[in-house]
Amino acid sequence: MTSKARIAVAGAGLIGKRHIEMAAKSELAQLSAIVDPSPAAQMIAQQYGVPLYASLEALFRHDRPDGVVLSTPNQMHLAHALECIAAGLPTLVEKPLAHSLEAGIRLCEAAEAARVPILVGHHRRHSAVMAKAVEVIQSGVLGKLVAVVGTVLFYKAENEGYFEGAFSWRREPGGGPILLNMIHEIGNLRTLCGEIVAVQAFTSNATRGFPVEDTASISLRFASGALGTFMLSDTAASDHSWEQTSGEDPRYARAHTDDDDCYHVAGTFGSLSIPTMRLSRYASAADQSWHKPLQKTTIALEAADPLARQIDHFADVIQGRAQPFVSARDGLQNLRVVEAIVEAARSGRVVELAP
Ligand SMILES: NC(=O)c1ccc[n+]([C@@H]2O[C@H](COP(=O)([O-])OP(=O)(O)OC[C@H]3O[C@@H](n4cnc5c(N)ncnc54)[C@H](O)[C@@H]3O)[C@@H](O)[C@H]2O)c1
């Protein structure tokens, strides 16, 4: 039997705690250490019975894990990833790959030169819903893809400290829902519909009045010629978001009914609503008309926690059984699309993207 991959988690904050939990209970991985200079991390290290180090450098002086999860703040991703790459260690870098495109490119180039595998933490790519949706779309049952309509509409409370004190950067440009939340949607949309080659966008801060946007409407053109439209708001009393409709992350309130979706992907022969996985199709080519009813079915799914699947996949990457499902180049392209949306909204122009 192969031994478990020994994984150190750097950054034991909001998402780092979930990686710690996943590594500790994985059948393929084992939590070897925590790296975090914050005093709050001591209790977590004690709880899991693993050593705590204040820096990656201190960790590497004492031990050599098989891989590292970097769930440190965005601005630190590049420097921390370069340390892991120099040590030759496969690394799971939380999304976004880096705080800027330039930093992301440096990270990719360093990893490629050293041949160190990087997995980017776009964890929804490990979702059972996404895997099934991709399978359905790629099977061709929808026909040629025509359009995708998506929503990420939810409410970030102003009385839960989200925008206050150390987190007041979330009121400023760069701290809003386009960079923090839309990047997940871009990862999903590229996976479902292929490369995005052009974007247009409007943004508004009319509701909260912060310098950063609270709402955006986004138009997308895919390389296939399909078009997409996406509504994003973090100040909308709605649960039409991935987390609330999929129920994959217990931290978010689940949408009330099982018929709420956040994406609708339409082809020439059928359409798929996600995450309910309701499929509408014409019975035959002869029935392909708006005068004829579409046949409705719901595709069965087995629920799975994408973060648990991600850590198991990371163990496979570390032990050479798999290539990263979300590579550094893939994470970089998500960042590029998000930056194009920001630029499109700022300039009022169409921004074209090279795949
Ligand atoms: N995949 C997701 O759904 C998801 C969700 C939330 C956050 N994230 C990403 O994860 C990263 C962390 O976000 P967060 O919300 O958990 O932030 P956080 O502020 O809650 O946690 C960051 C942690 O890093 C620690 N830290 C700071 N400097 C460090 C250093 N030099 N070495 C080691 N640890 C250090 C901090 O003490 C803190 O515990 C960000 O890149 C964010 O975009 C991803």
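Index from 1, following the sequence. When a ligand or atom number is given, it counts from 1 through the structure's own listing order. Every value quoted in this text rests on a predicted model; they were computed, and no experiment measured them.
For atom 19 (O) of ligand 1, the nearest non-hydrogen atom of the protein is Phe167 CE2, 4.9 Å. The protein heavy-atom contact nearest to atom 37 (O) of ligand 1 is Asp36 OD1, 2.7 Å. Distance from atom 43 (O) of ligand 1 to its nearest protein heavy atom, with residue and atom name: Lys95 O, 2.9 Å. With respect to atom 11 (C) of ligand 1, the closest heavy atom belonging to the protein is Thr72 O, 3.4 Å. Val35 O, 3.5 Å is the protein heavy atom nearest to atom 33 (C) of ligand 1. Counting protein heavy atoms only, atom 29 (C) of ligand 1 is closest to Pro37 CD, 3.5 Å.
Within the 4.0 Å heavy-atom shell around ligand 1 one finds His77. For Gly121, the closest heavy-atom approach to ligand 1 falls below 4.0 Å. For the ligand labelled ligand 1, residue Ala40 lies outside the 4.0 Å heavy-atom shell.
Distance check for atom 3 (O) of ligand 1: a protein heavy atom is found below 4.0 Å. Distances from atom 16 (O) of ligand 1 to the protein include at least one heavy-atom value under 4.0 Å.
Residue Arg251 has no N or O atom closer than 3.5 Å to an N or O atom of ligand 1. Distances between N or O atoms of Ser38 and those of ligand 1 include no value under 3.5 Å. Note: an N/O pair closer than 3.5 Å links Ile15 and ligand 1 by distance alone. Ligand 1 has a nitrogen or oxygen under 3.5 angstrom from a nitrogen or oxygen of Leu14.
For ligand 1, the atoms closer than 4.0 angstrom to any heavy atom of Pro96 are 43 (O). Each of the following atoms of ligand 1 lies closer than 4.0 Å to a heavy atom of His184: 1 (N), 2 (C), 3 (O). Residue-ligand proximity, His123 to ligand 1, at heavy-atom distances under 4.0 Å covers atoms 1 (N), 2 (C), 3 (O). The Asn74 neighbourhood of ligand 1 comprises atoms 40 (C), 41 (O), 42 (C), 43 (O), with distances under 4.0 Å to a heavy atom of that residue. Near Gly13, with a cut-off below 4.0 Å to any heavy atom, the atoms of ligand 1 are 16 (O), 20 (O), 21 (O), 23 (C), 39 (O).
The side-chain tip of Arg208 points at the ring of Tyr155 from less than 6.0 angstrom away and within 45° of straight on. Under the 6.0 Å distance and 45° angle rule, Arg281 does not count as a cation-pi partner of Phe269.
Using a distance-only test at 3.5 Å, with no hydrogens or angles considered, a donor-acceptor pair links the side chain of Ser224 to the main chain of Ala226. Listed for the Ser71 side chain is a donor-acceptor partner under 3.5 Å among the backbone atoms of Ala10. A donor-acceptor pair under 3.5 Å is formed between the side chain of Ser233 and the backbone N or O of Asp214. Under the 3.5 Å distance criterion, the side-chain polar atoms of Glu302 are left unmatched by any main-chain donor or acceptor of Ala128. At distances below 3.5 Å, at least one donor-acceptor pair connects side-chain atoms of His313 with backbone N or O atoms of Phe325. Side-chain atoms of Arg64 never come within 3.5 Å of backbone atoms of Leu89 as a donor-acceptor pair (strictly under, hydrogens ignored).
Around the CD atom of Glu112, the shell of radius 6.0 Å holds more than 12 heavy atoms that belong to other residues, nucleotides or ligands.
In this structure, Asp330 pairs ionically with Arg190, as a charged nitrogen and a carboxylate oxygen lie closer than 4.0 Å. Salt bridge status for Glu343 with Arg346: present, with a side-chain N to carboxylate O gap under 4.0 Å.
A ring-centre distance under 6.0 Å is found for Phe163 and Phe210. Aromatic rings of His77 and His99 (six-membered ring for Trp) have centroids beyond the 6.0 Å cut-off, not under it.
Atom CE of Met130 and atom CZ of Arg124 lie 9.0 Å apart (nearest 0.5 Å).
Contacts with ligand 1 closer than 4.0 Å are made by no heavy atom of His122, backbone or side chain.
Comparing Ser71, Gly16, Ala12 against atom 22 (C) of ligand 1, the shortest heavy-atom distance belongs to Ser71. Nearest-residue assignment for atom 32 (N) of ligand 1 (options Arg18, His80, Gln310, Glu94; heavy-atom criterion): His80.
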